[in-house]
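Heads up: the structure comes next, in structure tokens.
Proteins come first, then strands; the chains are lettered A, B, ... in the order of their sequence lines, and each starts at number 1.
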Amino acid sequence: MPIAKKITNMLIEQIIKEKIAQAVNQLYGQEFDPQNVQVQNTRKDVEGDMTVVVFPFLRISKKSPELTANELGQYLQEQVDEVSSYSVIKGFLNVTISTSYWINQLAEAFTDVDYGFTKATEESALFMVEYSSPNTNKPLHLGHIRNNLLGFSLGELLKANGKRVVKTNIVNDRGIHICKSMYAWKQWGEGKTPESTGIKGDHLVGDFYVLFDKHYKKEIEELVATGVSKEEAEQTAPSIVAARELLRKWEAKDTETIELWSMMNQWVYAGFDVTYKELGVDFDQIYYESETYLVGKDEVLRGLNEGIFTQREDQSVWADLTPEGLDQKLLLRSDGTSVYMTQDIGTAKLRFNDYEIDKMVYVVGNEQDYHFKVLSILLDKLGFSWGKGLHHFSYGMVELPHGKMKSREGTVVDADDLMAEMVEVARKTSEELGKLDGYTEEEALETYKTIALGALKYFILKVDPKKNMMFNPEESIDFNGNTGPFIQYTYARIRSVIRKAEEKGIIPAINFDKAMAISEKENELIKTISLYPSIVQEAAESYSPAVIANYVYNLVKEYNQFYHDHSILNEDDEDVRKLRLVLSTTVAKIIKSGMGLMGISVPERM
RNA sequence: GCCUCGGUAGCUCAGUUGGAUAGAGCAACUGCCUUCUAAGCAGUAGGUCAUGGGUUCGAAUCCCGUCCGGGGUACCA
């Protein structure tokens with residue numbers, strides 16, 4: 001289990017910890033583990049850079065907080081070159097780090113092309129990240145968007161932390177839900193295709209899914225009206241009987257059924273490909289449930305033979321998880337067909353055959369917490385050593401003002417529609433502001449998309465993945481304040497400055513006097529820049545792109561204050577001008593890098 | 001019922017190895033563009049951190065109870 005770390009500049013923090021421990025030893029004659037020294041970033045409204053909490057030392061020093069802090073501060077200032085001064089407020093030791101240290105930090109951040117990132121090697125741990133995992137009976141909606149963005153971003157975060165990553169997708173391409181669409185198409189489809197109707201394939205298939213439900217509900221009503229019980233009507237309505245028959249035929253590999261299934265799935269895949277491309281997500285390896293569920297079934301039967309599972313009189317197969325404090329879990333129905341869990345067991349087995357996976361991560365909503373708890377135990381029982389170590393990246397649901405999204409009730413926010421709407425809003429805003437005058441229509445459209453997707457992705461990723469989030473379509477499309485476009489805008493402004501510098505023949509470089517004095521704002525900015533590596537680490541360890549989002553927002557806010565208060569190219573002092581250009585360039589680099597970790601691109605102009 | 005996650009400003013969200021006076025954005029109101037992009041900057045106002053106890057030098061944060069809400073507990077996926 002990763003342990004959350006306090007985010008500070010790791011280098012200077014470590015130095016202070018060790019020196020404080022040493023000071024405690026020398027001054028008060030007691031050993032103290034440097035790692036237990038509490039060091040944090042100094043509050044904004046207090047002078048200083050790093051703060052040492054001295055309360056834990058009072059038992060050892062047997063002196064007042066003020067006196068103890070002063071003695072330790074004195075020691076630090078004498079022993080550590082980087083410490084230029086200190087102050088004591090309410091028993092907190094605030095240490096000021098020398099400007100030259102910060103300028104060196106900036107130089108390092110500026111020079112390192114992969115600042116904050118760790119490169120993967122052949123020996124690096126292999127993470128397989130499963131995300132997206134759609135059903136093929138309907139188009140993607142807002143809930144899928146959160147899943148896809150989190151999955152993709154998590155992959156990027158892991159790569160940035162030196163892991164090897166295989167992004168994977170398990171496509172739920174078989175089952176009764178597909179058969180419902182298939183039946184509806186056969187019955188009422190009149191041979192419609194995406195080509196003949198001009199409707200995107202996944203939407204067309206989704207329309208038939210809705211159509212099925214309409215007929216099914218009507219049939220139930222009619223049956224109930226004739227005196228049949230609701231339960232019985234649900235089981236005997238002609239539509240559902242026909243859909244089940246299709247499923248049976250499919251499992252029996254009936255040629256005509258398989259062909260229909262295959263054709264409609266192809267429509268859906270073509271549609272998904274477009275959505276994935278627009279969203280900017282991709283996969284290294286795709287698995288299909290139709291190819292894994294039988295493997296799962298075999299595993300369950302093996303488990304039954306080995307006495308791990310039990311069979312009831314009606315032939316259904318069960319796992320008894322009461323020793324683990326859970327319930328009985330069904331693994332195979334009485335008719336021998338497989339359930340969700342069966343398929344996941346098969347998919348897991350195939351994956352571990354295909355790759356030397358060190359860590360399997362499932363990006364799946366928190367409604368399935370129980371499912372993955374059980375899956376982990378079942379895999380372990382089946383003898384897979386990796387079963388226990390799987391990680392369910394459990395994220396919260398996306399809620400709408402009106403409540404939960406339900407496909408069949410038409411209360412979903414469709415992924416394609418949402419993206420298209422946001423592009424239109426971006427277009428309108430840009431045109432009103434006249435920011436892209438001089439761009440060709442093609443260049444402009446590219447920028448609208450960048451901004452629209454930036455707004456959407458940032459809106460979703462800035463929220464702690466574990467929490468449910470509210471999406472109000474009316475209000476959530478905002479380009480001001482804590483938003484993706486605000487960050488992109490800051491990037492575009494910096495790029496504009498850099499272009500102007502280049503026109504003047506000025507190239508950002510570390511060619512200034514490092515002993516110069518810098519402003520408070522500049523110092524703040526450099527401190528924030530120096531946090532980036534520990535942020536990247538923290539985000540991966542806590543599986544949270546939101547950590548990156550919040551950091552980048554904070555960085556950008558600080559940069560905008562700096563930008564407002566300071567001239568860059570118009571600054572008279574040459575050294576200061578150079579420093580500010582390097583500072584700006586470095587901020588731009590981190591914005592691009594951090595946004596990239598969230599799958600968000602940044603525009604040159606906006 | 002049981003399991004599980006959550007409750008921070010009108011709204012959407014930050015805020016943990018327990019640390020100083022709980023922060024942003026939106027919405028409202030007020031200023032700032034002849035100077036590197038105003039999708040910006042600055043300010044005003046807005047809080048019993050659901051609630052009651054406990055732990056301690058110190059609690060939004062840890063523990064227990066209560067209230068409210070989400071999810072799960074299917075021969076659906």
Side-chain angles (χ1 to χ4, degrees), chain A residues 3-6 35-36 38 40 42-46 51 53-56 58-59 65 89-92 94 133 135 137 172 175-177 289 312 314-318 325-327 329-335 337-341 343-344 365-371 373 394 396-397 399 404 426 429-430 432-435 451 455 459 462-464 466-472 475-476 478-490 492-501 546-547 549-550 553-554 556-557 560-571 580-581 584 605-606:
Chain A
I3 297 153
K5 280 193 195 111
K6 182 143 266 161
Q35 291 320 309
N36 291 336
Q38 291 182 47
Q40 54 194 254
T42 302
R43 289 167 53 108
K44 283 258 161 62
D45 52 346
V46 171
T51 293
V53 184
V54 299
F55 293 102
L58 301 184
R59 249 180 316 119
I89 301 171
K90 290 187 183 172
F92 289 87
N94 304 304
S133 311
N135 288 349
N137 62 326
N172 303 116
I176 191 72
H177 48 292
E289 186 188 336
R312 293 188 183 170
D314 63 4
Q315 301 302 304
S316 59
V317 178
W318 295 75
L326 304 175
D327 298 325
K329 187 76 191 174
L330 176 87
L331 298 176
L332 286 178
R333 296 195 186 94
S334 48
D335 64 3
T337 57
S338 60
V339 293
Y340 182 36
M341 187 63 76
Q343 172 268 119
D344 255 344
N366 62 13
E367 59 205 345
Q368 291 182 34
D369 286 354
Y370 184 75
H371 173 83
K373 207 168 160 185
S394 164
M397 332 196 62
E399 288 161 355
K404 236 191 132 176
T429 310
S430 276
E432 275 166 23
L433 295 171
K435 292 299 181 75
I451 295 167
F459 184 86
K462 75 173 177 186
V463 180
D464 181 343
K466 290 197 287 290
K467 294 187 179 173
N468 288 357
M469 64 175 291
M470 174 62 66
F471 188 92
N472 184 339
E475 294 168 10
S476 297
D478 197 347
F479 294 171
N480 300 313
N482 187 358
T483 66
F486 167 75
I487 294 164
Q488 291 172 320
Y489 172 71
T490 304
R493 282 211 300 200
I494 298 175
R495 288 296 304 150
S496 174
V497 170
I498 293 172
R499 278 195 302 272
K500 287 214 160 65
V547 169
N550 290 323
Y553 173 64
N554 185 43
V556 161
K557 242 177 101 62
N560 281 335
Q561 292 163 1
F562 157 83
Y563 181 90
H564 184 264
D565 295 346
H566 300 74
S567 284
I568 301 167
L569 300 177
N570 298 331
E571 166 62 37
R580 288 180 184 166
L581 190 57
S584 300
R605 279 178 59 185
M606 69 180 275

Between Phe479(A) and Tyr489(A), does the ring centre distance come in under 6.0 Å?
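Ring centres of Tyr489(A) and Phe479(A) not closer than 6.0 Å.
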Which part of the nucleic acid, if any, lies within contact of [X], taking any heavy atom under 4.0 Å across all strands shown: a base, the sugar-phosphate backbone alone, or nothing?
X         : result
Gln488(A) : nothing
Asn137(A) : nothing
Asp464(A) : sugar-phosphate
Met606(A) : base
Phe55(A)  : base
Ile451(A) : base
Asn36(A)  : nothing
Val53(A)  : base
Gln343(A) : nothing
Ser584(A) : nothing

Would you kindly say whether [X] and [Y] are connected by a side-chain donor-acceptor distance under 3.5 Å?
X         : Y         : answer
Asn172(A) : His177(A) : no
Asp478(A) : Thr483(A) : no
Gln368(A) : Tyr340(A) : yes
Arg493(A) : Asn560(A) : yes
Thr337(A) : Arg333(A) : yes

Residue that, paired with Arg605(A), satisfies side-chain contact (heavy atoms from CB on, under 4.5 Å) out of Arg499(A), Lys435(A), Arg495(A)
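With Arg605(A) as partner, side-chain contact (heavy atoms from CB on, under 4.5 Å) holds for just one option, Arg499(A).
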So what's [N] paired with, Watson-Crick or G-U wobble, going by both distances under 3.5 Å?
N       : answer
rA39(B) : none
rC2(B)  : rG72(B)
rA14(B) : none
rU44(B) : rA28(B)
rA50(B) : rU66(B)

Take atom [atom1] of [X] and atom [atom2] of [N], then tell me their distance rounded to the nearest Å.
X         : N       : atom1 : atom2 : answer
His564(A) : rU37(B) : NE2   : P     : 14 Å
Arg580(A) : rC36(B) : CZ    : C1'   : 12 Å
His177(A) : rA74(B) : NE2   : P     : 21 Å
Phe486(A) : rU37(B) : CZ    : P     : 16 Å
Asn468(A) : rG72(B) : CG    : P     : 11 Å
Tyr553(A) : rC26(B) : OH    : P     : 7 Å
Tyr370(A) : rU73(B) : OH    : P     : 8 Å
Lys557(A) : rA14(B) : NZ    : C1'   : 12 Å

Upstream residue (5' side of RNA chain B) when Leu332(A) and Tyr563(A) are each assigned their closest nucleotide:
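Looking at RNA chain B, the more 5' nearest nucleotide goes with Tyr563(A).
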Identify, between Asn366(A) and Lys373(A), the residue whose nearest nucleotide on RNA chain B lies closer to the 5' end.
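Looking at the nearest nucleotide for each, Lys373(A) comes out on the 5' side.
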Flag as yes if Phe92(A) stacks onto the base of rA20(B) (centroids under 5.5 Å, planes under 30°), otherwise no.
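Aromatic stack with rA20(B) present for Phe92(A).
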Base of rG40(B) and ring of Tyr489(A) stacked, centres under 5.5 Å, planes under 30°:
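Tyr489(A) vs rG40(B): stacking no.
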Which nucleotide, [options], lies nearest any side-chain atom of [X]?
X         : options                   : result
Glu367(A) : rG72(B), rC13(B), rU21(B) : rG72(B)
Lys500(A) : rU37(B), rC13(B), rA20(B) : rU37(B)
Lys90(A)  : rU21(B), rG71(B), rA39(B) : rU21(B)
Ser567(A) : rC36(B), rC76(B), rA20(B) : rC36(B)
Thr429(A) : rA14(B), rG40(B), rA39(B) : rA39(B)
Asn550(A) : rA39(B), rA14(B), rU12(B) : rA14(B)
Arg605(A) : rG25(B), rG40(B), rU37(B) : rU37(B)
Thr51(A)  : rA20(B), rG40(B), rA39(B) : rA20(B)
Lys467(A) : rA39(B), rC26(B), rA14(B) : rA14(B)

Nearest-angstrom distance, [atom1] atom, [N] to [M]:
N       : M       : atom1 : answer
rA45(B) : rU30(B) : C1'   : 11 Å
rA50(B) : rC11(B) : P     : 14 Å
rU37(B) : rG25(B) : P     : 23 Å
rG54(B) : rU61(B) : P     : 14 Å
rG46(B) : rC36(B) : P     : 37 Å
rC62(B) : rG1(B)  : P     : 26 Å
rA77(B) : rG19(B) : P     : 46 Å
rU21(B) : rG58(B) : P     : 13 Å

If anything within 90° of 0 is syn and all else is anti, what is rC33(B)?
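With its glycosidic angle within 90° of zero, rC33(B) counts as syn.
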Work out which heavy atom in Val54(A) is nearest to a heavy atom in Gly91(A); give both atom names and the distance.
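Minimum heavy-atom contact is CG2-O, 2.8 Å.
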